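Values in this document were obtained by computation on a predicted structure and should not be read as measured data. Basis for what follows: all heavy atoms, side chains included, without hydrogens, waters or symmetry-related copies.
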There are 2 protein chains.
Amino acid sequence: MYLCLMYSSELIKGTLKTIILNLLRDKGRMYGYEITAKVKELTDGKIQITEGALYPTLHSLEKNGELETEKEFIGKRVRKYYSLTSQGQETASQKVNELADFMNTMKFLLDLEPKLGNA
Amino acid sequence: MYLCLMYSSELIKGTLKTIILNLLRDKGRMYGYEITAKVKELTDGKIQITEGALYPTLHSLEKNGELETEKEFIGKRVRKYYSLTSQGQETASQKVNELADFMNTMKFLLDLEPKLGNA
DNA sequence: AAAGATACATAAGATTCTTGGGTATTTAAT
DNA sequence: ATTAAATACCCAAGAATCTTATGTATCTTT
């Protein structure tokens with residue numbers, strides 16, 4: 001039996017962009033705080049994106065043309081909604097496919113199940 | 001269809017220790033160059049561990065008591081064999097289990113297949 | 001009134017990888 | 001014979017990305 005409260009940080013490294021892009025593809029648009037909350041909820045707290053990691057990543061994705069933003073006021077508080085550009089759509093597909101392929105390869109490499117014919 | 005010559009480096013980050021520990025658990029003992037060659041072979045070139053990443057990781061694992069080494073001379077050339085300590089055995093199991101769990105979570109999070117009951 | 005949740009953001013430091021060296025021996029090709 | 005490629009180790013500057021800590025401000029619940 002194996003218990004795990006939260007994954008070691010090194011494991012999550014490199015998957016953050018993929019997680020964000022895929023969530024946005026699914027939900028249409030989200031704001032930063034919402035993303036961290038949703039990921040935490042969906043993973044039973046096993047993946048907790050810190051804001052120090054989230055916001056720089058969102059900004060970099062926006063700067064790179066993958067995301068676009070619109071501000072909205074909730075009362076006096078600003079909320080910044082992010083959504084995928086068409087380029088972001090493509091990148092999201094690519095990254096998810098690559099990660100799926102990678103996980104297949106890792107499964108084989110770690111001998112976690114008999115070889116499946118890594119198509 | 002999805003083609004992939006080599007995974008983006010960011011994806012591989014954080015799995016290097018796990019790959020090394022698991023290989024050593026399987027093979028008993030290996031030397032550095034052999035590890036890179038084996039991983040490249042097993043993954044059809046999709047994961048290529050550079051020596052700049054490999055050796056610092058091996059040294060750090062040794063320093064941390066997970067690995068022990070013995071030198072052998074092949075002609076005039078030194079070869080440094082690495083093997084798991086008993087602590088390394090435990091760490092290897094832990095890390096492989098954690099990665100398997102993580103990949104399950106990621107599959108669910110990325111909606112790559114219907115929910116399996118993430119036990 | 002205070003505490004906690006919501007919501008954004010930045011920055012110093014740590015970690016880990018990439019890139020580009022360096023040294024040296026052995027084997028295969030020209 | 002000589003060159004190129006493979007084997008085999010290593011280090012270090014720089015880049016990328018995350019952690020940790022901090023800052024500001026509003027809204028909601030106790």
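- Among the heavy atoms of the strands lying under 4.0 Å from A/Lys17 are primed sugar atoms or P, OP1, OP2 only; no base atom is included.
- Relative to the side chain of B/Tyr82, the nucleotides C/dC8, D/dT19, D/dC10 differ in distance, and D/dC10 lies closest.
- For B/Ile19 and C/dT16, the CD1 to C1' distance is 14 Å, given to the nearest whole Å.
- You'll find that the side chain of B/His59 is closest to D/dC10, out of C/dC17, D/dC10, D/dT19.
- A salt bridge between A/Arg29 and A/Glu70 is present, with a side-chain N of the basic residue lying under 4.0 Å from a carboxylate O of the acidic one.
- Here the C1' atom of nucleotide C/dT6 and the CZ atom of A/Phe73 are 15 Å apart, to the nearest Å.
- Computed from coordinates, the A/Lys63 NZ to C/dT10 P distance equals 12 Å when rounded to whole Å.
- Using a cut-off of 4.0 Å between Lys/Arg side-chain N and Asp/Glu carboxylate O, B/Lys38 and B/Glu41 are scored as salt-bridged.
- One can place CD of B/Glu72 at 16 Å from C1' of D/dT7, the figure rounded to the nearest angstrom.
- Set against D/dT19, C/dA9, C/dT16, the side chain of A/Glu10 has C/dT16 as its closest nucleotide.
- Regarding A/Arg79, its CZ atom lies at a distance of 13 Å from the C1' atom of C/dA5, rounded to whole Å.
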**OP:** Apply side chain to side chain contact (heavy atoms under 4.5 Å, CB included) to B/Leu42 and B/Ile47, showing your working.
**Re:** CA-CA 9 Å; B/Leu42 287 171; B/Ile47 298 181; over 6 Å; no
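- When distances run from any side-chain atom of A/Ala53 to the nucleotides D/dC10, C/dC17, D/dT19, the shortest one goes to D/dT19.
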Original post:
Can B/Thr105 and A/Tyr7 be said to form a side chain to side chain donor-acceptor pair (under 3.5 Å), step by step?
Top reply: CA-CA 10 Å; B/Thr105 299; A/Tyr7 300 119; 2.4 Å; yes
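- Test A/Gln87, A/Lys17, A/Lys95 against A/Glu66 for side-chain hydrogen bond (donor to acceptor under 3.5 Å, both in side chains) and you get one pass: A/Gln87.
- Here C/dA9 presents its C1' atom at 9 Å from NZ of A/Lys80, a figure rounded to the nearest Å.
- Nucleic acid contact class of A/Leu16 (heavy atoms, under 4.0 Å, all strands): sugar-phosphate only.
- Out of C/dT16, D/dT20, C/dA7, the shortest distance to the side chain of A/Thr50 is found at D/dT20.
- Taking only side-chain nitrogens and oxygens, B/Tyr55 comes nearer than 4.0 Å to OP1 or OP2 of D/dC9.
- Closest to the side chain of A/Lys13, out of D/dC9, C/dT15, D/dC11, is C/dT15.
- Distances from the side chain of B/Tyr33 to the nucleotides C/dC17, D/dA8, C/dA7 place D/dA8 closest.
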**OP:** Applying side chain to side chain contact (heavy atoms under 4.5 Å, CB included), run through B/Thr18 and A/Met106 and close with a yes or a no.
**Re:** CA-CA 10 Å; B/Thr18 309; A/Met106 284 303 293; 5.6 Å; no
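- The minimum heavy-atom distance between A/Met30 and A/Leu24, with the atom names listed, is N-CD2, 3.6 Å.
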**OP:** Give the intermediate values and the outcome of side chain to side chain contact (heavy atoms under 4.5 Å, CB included) for residues B/Lys80 and B/Lys71.
**Re:** CA-CA 5 Å; B/Lys80 221 167 144 186; B/Lys71 287 184 184 177; 4.0 Å; yes
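- Atom CG in A/Leu54 sits roughly 16 Å away from atom C1' in C/dA11 (whole-Å rounding).
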Any N/O pairs under 3.5 Å between the protein and nucleotides 26-29 of chain C? List them or say none.
residue, atom, partner, partner atom, Å
C/dT26, OP1, B/Lys76, N, 3.0

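- Regarding B/Lys40, its NZ atom lies at a distance of 13 Å from the C1' atom of D/dT7, rounded to whole Å.
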